[in-house]
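Every chain is numbered from 1, with letters handed out A, B, ... down the list of sequences.
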Amino acid sequence: MTLSVEGLRVAHGAHEVLHGVDLTVASDELLVVLGPSGAGKSTLLRAVAGLTPISAGRVTIRDRDVTRLRPGQRNVAMVFQSYALFPHPPTAETTRSAPSGRAMPRAERADRARRPAATVGCGHLLGRRPGQLSGGERQRVALARALVREPDVFLLDEPLSNLDAELRVEMRAELKALHARVGGATLHVTHDQVEALVLGDRIAVLRDGRIEQVGTPDEIWHAPATTFVARFIGSPPMNLLPSDGPLSGFAPPGMLIGVRPGALRLSDQGAPARVERIEVVGEDAHIYLRLGEHSVVARVPSAQKPASDETHVTVRDGDVHVFDPSTGKRA
Amino acid sequence: MSRRQLGFMLAPYAVGMVALVLLPAAATLMLAFADYDLVQPPQWTGAGNFTELAGDGIFRTALVNSLVFAAVAVPLRLLIALGLALLLHRRARGVGTARTAAALPTAVPEVAYGLLWLWLFNPLYGPINQLLRVGGENGLTALGRTPPQWLTDPTDARAAIIIMSLFTVGESFLVLLAARLVLPPEVYELAAVEDATGWDVFRRITLPLIAPVLGLLLVRDTILSFQVSFVPALVVTDGGPPPYATTYLSLFVYRNAFEYLRYGYAAAATMVMLVLTVAAVILQWRLLRRWR
């Protein structure tokens with residue numbers, strides 16, 4: 001394990017933000033920490049970097065206990081949402097941050113800066129000042145800067161959140177390709193589920209300072225461990241109904257069943273439902289339905305949206321997730 | 001907002017500007033080319049005042065004194081204000097008190113401040129020389145030297161005026177403190193992650209980010225430097241020790257105008273001061289723009 005975090009607790013005054021987090025990141029693995037704002041994602045990242053003091057726990061990087069070390073001694077590289085570029089020209093900036101060497105010949109430094117800069121496609125930007133760069137360019141420079149240091153762990157704090165939607169998709173793909181090329185243990189924090197599903201080798205879902213589930217994007221999607229994970233990932237979120245409600249027969253009574261909107265089929269038979277509202281989102285239509293006393297959402301191709309207010313809903317056995325309503329955990 | 005409203009609201013400032021700045025400036029400009037002693041009407045002398053200034057040894061001494069004071073005091077004052085701001089920008093125990101202490105001397109009325117230093121600088125029983133004599137014998141310092149004759153030796157007196165000016169940096173300190181507090185914390189965190197040295201952080205982050213404010217304060221302090229030396233020289237050293245060791249341009253103007261009643265001559269000296277100030281500001285502005 002390149003990075004391992006055990007029993008990490010962080011408190012801001014009397015308010016505990018992280019209640020004992022355990023995580024591991026293998027070498028060349030990209031682990032995405034996903035969660036709503038206020039879940040403690042950035043705090044976790046900052047604690048790993050050593051920027052936020054911890055109240056309990058242990059951080060190990062390459063079998064080296066770094067819990068008590070200064071940020072600068074942990075050999076990590078960080079990319080901030082705001083990029084945090086130094087006001088000096090990027091060349092000087094990327095070159096200065098060479099891993100071990102303050103005393104490195106100027107030419108070698110410049111050479112060191114050129115390679116990662118070329119890797120992330122910002123070689124032509126090296127002479128410019130941060131003020132002259134666009135958001136995407138700044139992000140590239142910040143990444144190049146992280147690469148120069150050849151760190152043990154990359155820490156990315158919402159690196160794509162400041163970019164506009166189009167650029168975000170583009171940079172997301174580039175980030176994925178970059179990680180495939182360069183490797184390196186990476187902890188990537190985001191609140192964007194799509195970003196997590198696309199980028200992550202594994203995803204850790206964080207909620208209120210606790211890890212809800214760690215797993216591959218497949219596991220997170222197909223076998224969410226808790227109702228929170230089930231509803232946080234997927235848009236519109238998963239429908240949760242009592243097992244003895246309108247869609248019965250999938251689990252013993254007293255349980256919760258979860259069905260993703262895309263798994264609900266509208267047909268002539270099955271549970272009768274009333275259409276309350278339809279949102280057409282391009283090729284998809286989100287159908288808001290009333291099933292007895294419960295509200296559910298179905299996602300169907302726009303072309304198949306129901307013509308009348310009355311319809312029926314069916315679901316296949318394999319598409320049903322079962323949860324324990326008292327703990328919220330997968331049954 | 002209508003033009004009439006705008007006019008009403010600007011009127012007090014316009015009146016103040018005209019009465020307190022423009023009219024005196026115009027009067028000074030005219031008087032610079034005349035002889036005037038408050039009793040007889042002004043008499044035009046053309047450039048006479050200026051030719052006299054050029055040959056006046058006291059004026060030349062005052063000019064050099066002022067320039068030396070500005071050259072030494074302005075950078076030192078700025079450095080101290082910057083040092084204090086960088087030292088006291090963090091939240092820590094006692095920082096509030098320290099900030100107040102750093103800003104407080106600036107709030108003391110100038111004459112009171114001067115009288116206080118008159119006591120502090122007293123060569124015999126003043127606390128400064130008493131401290132300097134600690135560990136020494138026969139009234140000498142621990143190194144066996146005579147302690148400074150603050151107000152009677154020309155060089156020591158000039159140093160004394162500069163030392164006095166170093167404690168009234170409250171405004172610059174507050175401006176720099178505010179400027180430092182709004183700098184983005186992530187940049188400093190990134191520097192911490194990259195194990196940058198304190199000097200690197202200062203040179204590569206703080207200095208470039210704070211430079212515009214620093215430049216502004218440099219220009220402002222230079223303009224002000226012709227004034228901050230006035231009250232100390234008047235109250236503490238009285239322009240001396242002889243001959244005119246701490247007579248600065250401002251004191252020279254004051255003496256000629258209000259003691260010798262040579263208003264025209266004083267006005268001409270004021271004009272020279274103005275030209276010097278403008279030249280210094282333009283020079284600094286150019287240097288700063290080239291550096292950025």
Item checked: Pairs meeting criterion side chain to side chain donor-acceptor pair (under 3.5 Å) with involvement of residues 77-105 of chain B, two or more places apart ->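 Only R77(B)-T168(B), R77(B)-D221(B), H89(B)-R180(B) qualify under side chain to side chain donor-acceptor pair (under 3.5 Å).
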Next item on the list: Enumerate the residue pairs fulfilling salt bridge (Lys or Arg N to Asp or Glu O under 4.0 Å) with a member in residues 6-23 of chain A, sequence neighbours excluded, ordered by first and then second residue.
Entry: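 Listed once each, the pairs are E6(A)-R58(A), R9(A)-E16(A).
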Checklist line | Side-chain heavy-atom pair D157(A), E186(B) within 4.5 angstrom cut-off | finding: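 Side-chain contact under 4.5 Å: no.
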Check: Where is the tightest heavy-atom contact between E189(B) and F80(A), given as atom of each residue plus distance?
Finding: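 Closest approach of E189(B) to F80(A): OE1-CE2, 3.5 Å.
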Notebook entry, point to check: Considering all heavy atoms of both residues, which atom of D195(B) and which atom of R70(A) are nearest to each other, and what is their separation?
Noted result: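 Closest approach of D195(B) to R70(A): OD1-NH1, 3.0 Å.
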Notebook entry, point to check: Taking everything shown except R68(A) itself, do over 12 heavy atoms lie less than 6.0 Å from its CZ?
Noted result: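 It does not: R68(A) CZ has 12 such atoms or fewer within range.
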Next item on the list: Evaluate whether atom CG of D63(A) has more than 12 neighbouring non-hydrogen atoms of other residues, nucleotides or ligands under 6.0 angstrom away.
Entry: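 Result for CG/D63(A): open.
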Note to self: Holding to ring pair (Phe, Tyr, Trp, His ring centres under 6.0 Å), I want the full list of residues that pass it with F230(B), two or more places apart in sequence or in another chain.
What the structure shows: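 For F230(B) the ring pair (Phe, Tyr, Trp, His ring centres under 6.0 Å) partners, ignoring immediate neighbours, are Y254(B).
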Margin query: Does anything in residues 46-57 of chain A reach chain B? List residues with heavy atoms under 4.5 Å apart, or say none.
Written below: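 Against chain B, the residues of residues 46-57 of chain A that fall inside the cut-off (heavy atoms, under 4.5 Å) are R46(A), A49(A), L51(A).
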